[in-house]
Amino acid sequence: MSELTNKEIAGMLRELAGLLEINGENRYRVRAYYNASRKIMESSEDLKKLAKEGRLKEIPGIGEGIAATIREIFENGYCPPLEEIKGELPTGVLELIQIPGLGPKRAHQLFYELGIQDVADFKRALEQGRIRKLKGFGPKTEENLLKALQEYERYREAILLFQALNYSEEILNYLRKGKDVIRVARAGSLRRQKELIGDLDILVASKNNRGVMEYFTAWPGVQEVLLQGESKTSIITDEQVQVDLRVVSEEEFPAALQYFTGSKEHNLRLRERAKKFGLKLNEYGLFKGEKRLKLEREADIYQALELDYIIPELREDRGEIAAAARGNLPESVSLEDIRGDLHMHSRFSDGAHTIEEMVEAARARGYQYLAITDHSQSLRVAHGMTPETLEEEMKEIDRLQEKYDDITILKGIEVDIDYDGSLDYSDEILSRLDLVIASIHTGFNQDREQITTRIIKAMENPYVNIIAHPQGRILKKRRAYDLDLERIIKRAAETGTCLEINASPYRLDLDDLSVKRAREEGVKIAINTDSHHINEFADMALGVAVARRGWLEKDDIINTMEIDDLLKFLNWRG
DNA sequence: GCCGTTTTCGGCCCGACTGTTTTCAGTCG
């Protein structure tokens, strides 16, 4: 048996799905492969283990056929049906359907009628005017494809959640001033608060669609109008962000908001369920035959389908509809549940503010507590503190604690985990702190086994309370370290170590799926901003978004505790 | 290929927009 990861298996199935799709295979069969691929990506179960134990079909979306394919993959080290289809259809063709406006049917035509094998071939054929001669292609299509190709080559990147939130606020503000605009809302992945946002989806209620469309396309940030119809307009902004605007009537607004929020897979499941109830769900409403059911709010749709209300953050087809039907959705944590912030930096290391300024900012947010966790000595680039500086810092905290009786200032540290898993301060020093966060800032390129055992060794230190940014990723910049997160989670559960959701907009680490996994193992989570400036305290909302997407409840999170409970928790641990 | 609060077989979401169609296919979300 070969050593293939879930990700590699998922990749093979995805590739197989794409090639089958281009070859005109039954679309439900194609969907089954895509779906299985996605479910495997989202699963924390080791496929190889499942295969050995004959339990592959426990993953929803994997049945007899795909289970057999997966077993074949493990036996051969490659995917036989995939290799077979590759003999006929080169994989380069798959890239073609990444180009907007080019789907499986046209890719099929391009390959079988013009021998186009990849994007480079496609570009040449376009320039030579060979495309327009195909049946179903005309000069207009050619022109659009040329534009789409240029767009594709420029590669419009997804933007970070906080950028999308800020940018959309600008657009929303503009829209709110429109005279025909009655209501405005964010939708799509933006409303679901995904960590990366491809395009901004915005919904407007109005009695005058055309008026809103004209007003929208007159926004100064519009660089190009991609498409414009009665109810839908798409534009590209001068910052290369695509914005899709949908306009509906007030009456249609709840159903439109549900539809436009997605995810696509969630909507699919929901519409299937509606069908079972003898109803039809679309973006205009919920219908029984011709009759439109009265909807005041989006929640009424879920109610009509005998489901508890599902918050947007959970709408990813990760089991939320079944949970809502059984009445055991999580009671999702909210920002108001947060009682303090347990990871931040002051001027004692690389922060911008004095501890007192940070205390004031924490009080202004209504927190009961905060933990000052500056860097330890070996992290020179961040002015890591010597034991002597830490000593001074503790004295300063004592002094401030005298002054403030309405907030608790925890003496903390973000101690570096060394290459071999030992910590940057002695146990004697750590024992005198209220809170110890351990994290990795060096040696990112160690192999999987080294990094994993390194973190596990740190967790086994009885003074360590939290592992910060456990995966070490920087969104769009640095991949997570090669890490056996499953082992980390299991060991965290055993040692009672918390894992962090680092709420920095550039990190959001742990990610939502890992958080969900940690919760299933009973690991406690701390949502921390890792602030280096008091403005960053507001990032807490982003961390909470990740927690909500990760199915967390208030009780899964330590910084929702009242101060007395938190102190007990930390002492028990320490 | 998957799946089951009408089913182990017969279903599998639904509509907008575009361009090329002479009534609709392809793509997208």
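Chain letters run A, B, ... following the sequence lines, proteins first, then strands; residues in each count from 1.
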Just checking A:Pro139: base, sugar-phosphate only, or nothing, at a heavy-atom cut-off of under 4.0 Å?
sugar-phosphate

Within residues 88-111 of chain A, find the residues that approach DNA chain B with a heavy atom at under 4.0 Å, and present them sorted by residue number.
A:Ile99, A:Pro100, A:Gly101, A:Leu102, A:Gly103, A:Pro104, A:Lys105, A:Arg106

Presence of salt bridge, A:Lys516 and A:Glu42, under 4.0 angstrom:
no

Rounded to whole Å, please give me the gap between CZ in A:Arg246 and P in B:dA16.
7 Å

When you compare B:dC9 with B:dC14, how far apart are their C1' atoms, in angstrom units rounded to a whole number?
24 Å

Rounding to an integer number of angstrom, what distance separates B:dC17 and B:dG11 when you compare their P atoms?
31 Å

A:Lys280 atom NZ is separated from B:dC13 atom C1', nearest whole Å, by 10 Å

Pairs involving residues 23-53 of chain A, ordered by first then second residue, that meet ring-ring contact (aromatic ring centres under 6.0 Å, His included) (sequence neighbours left out)
none

Please pick, from B:dG15, B:dG19, B:dA16, the nucleotide with the shortest atom-to-atom distance to any side-chain atom of A:Ser231.
B:dA16

Taking only nitrogen or oxygen atoms into account, show me every contact under 3.5 Å that the protein makes with nucleotides 3-9 of chain B, one pair per line with its distance.
residue	atom	partner	partner atom	Å
B:dC3	OP1	A:Gly61	N	2.6

Kindly say if A:Asn144 contacts the phosphate of B:dG19, meaning a side-chain N or O under 4.0 Å from OP1 or OP2.
yes

Do the two ring centres, one from A:Tyr215 and one from A:Tyr174, sit under 6.0 Å apart?
yes

Would you confirm whether A:Asp244, through its side chain, and A:Asp201, through its main-chain N or O, come within 3.5 Å as a donor-acceptor pair?
no

Derivation of the salt bridge (Lys or Arg N to Asp or Glu O under 4.0 Å) call for A:Glu75 and A:Arg71
CA-CA 6 Å; A:Glu75 279 158 27; A:Arg71 282 194 298 272; 5.6 Å; no

Work out how far the P atom of B:dC13 is from that of B:dG4, and round it to whole angstrom.
14 Å

Parallel, tilted or perpendicular: ring planes of A:His266 versus A:Tyr302, cut at 30 and 60 degrees
tilted

Kindly label the base of B:dT7 as syn or anti, based on whether its glycosidic torsion lies within 90° of 0.
syn

Whole-Å distance between B:dC14 P and A:Glu252 CD?
17 Å

For B:dG15 and B:dG10, measure between their C1' atoms and round to the nearest Å.
24 Å

Where is the tightest heavy-atom contact between A:Pro80 and A:Glu72, given as atom of each residue plus distance?
CG-OE2, 3.6 Å

Would you classify A:Leu227 as touching base, sugar-phosphate or nothing, given that sugar-phosphate means primed atoms plus P, OP1 and OP2, and contacts are heavy atoms under 4.0 Å?
sugar-phosphate

Does the side chain of A:Glu252 pick up a donor-acceptor pair with the side chain of A:Ser249 at under 3.5 Å?
yes

Any A:Thr141 side-chain N or O less than 4.0 Å from OP1/OP2 of B:dT20:
yes

Within this structure, what is the CD-to-P distance between A:Glu58 and B:dC2, rounded to whole angstrom?
15 Å

Looking only at the aromatic ring of each residue, does the gap between the centers of A:Tyr284 and A:Tyr259 stay below 6.0 angstrom?
no

Using atom CZ of A:Arg273 as one end and atom C1' of B:dC14 as the other, report the distance to the nearest whole Å.
19 Å

Rounding to an integer number of angstrom, what distance separates B:dT6 and B:dG1 when you compare their C1' atoms?
23 Å

On a whole-Å scale, what distance lies between the C1' atoms belonging to B:dT21 and B:dG26?
12 Å

Does a side chain donor of either A:Gln223 or A:Gln240 reach within less than 3.5 Å of an acceptor in the other side chain?
yes

If you assign each of A:Gly136 and A:Met213 to its closest nucleotide in DNA chain B, which residue comes earlier from the 5' end?
A:Met213

Can you tell me how far P of B:dA16 sits from CG of A:Leu203, to the nearest Å?
14 Å

May I ask you to check whether A:Arg517 and A:Ser44 show a side-chain donor-acceptor distance below 3.5 Å?
yes

Interatomic distance at C1', B:dA25 relative to B:dT20, whole Å
9 Å

Any residue in residues 16-43 of chain A with a heavy atom nearer than 4.0 angstrom to DNA chain B? Just list them by number, or reply none.
A:Tyr28, A:Arg29, A:Arg31, A:Ala32, A:Tyr33

Which residue pairs pass the ring-ring contact (aromatic ring centres under 6.0 Å, His included) test when at least one of the two sits in residues 101-123 of chain A, sequence neighbours left out?
A:His108-A:Tyr112

Quote, to the nearest angstrom, the C1' distance that separates B:dG29 from B:dT23.
25 Å

Taking any heavy-atom pair under 4.0 Å as a contact, classify A:Arg269: base, sugar-phosphate, or nothing.
nothing

If I take atom CG in residue A:Leu134 and atom P in nucleotide B:dG26, what distance separates them, rounded to the nearest angstrom?
13 Å

Starting at the 5' end of DNA chain B and moving along, which residue's nearest nucleotide shows up first, A:Asp244 or A:Asn282?
A:Asn282

Out of B:dG19, B:dA16, B:dC12, whichever nucleotide has its closest atom nearest the side chain of A:Glu272:
B:dC12

Using whole Å, report how far NZ of A:Lys264 lies from P of B:dG15.
16 Å

Near-strand residues of residues 296-327 of chain A, defined as heavy-atom separation under 4.0 angstrom from DNA chain B
none

Can you check whether A:Leu165's main-chain N or O pairs, donor with acceptor, with A:Arg186's side chain at less than 3.5 Å?
yes

Exactly one of A:Leu175, A:Leu203, A:Leu245 clears side chain to side chain contact (heavy atoms under 4.5 Å, CB included) with A:Val184, and that residue is A:Leu175

Is the closest side-chain heavy-atom distance between A:Ile40 and A:Ile62 below 4.5 Å?
yes

Quick one: look up who B:dT8 pairs with, Watson-Crick or G-U, both distances under 3.5 Å, and put none if it's unpaired.
none

Where A:Ile131 and A:Leu145 come nearest, the two heavy atoms and their spacing
CG2-CD1, 4.4 Å

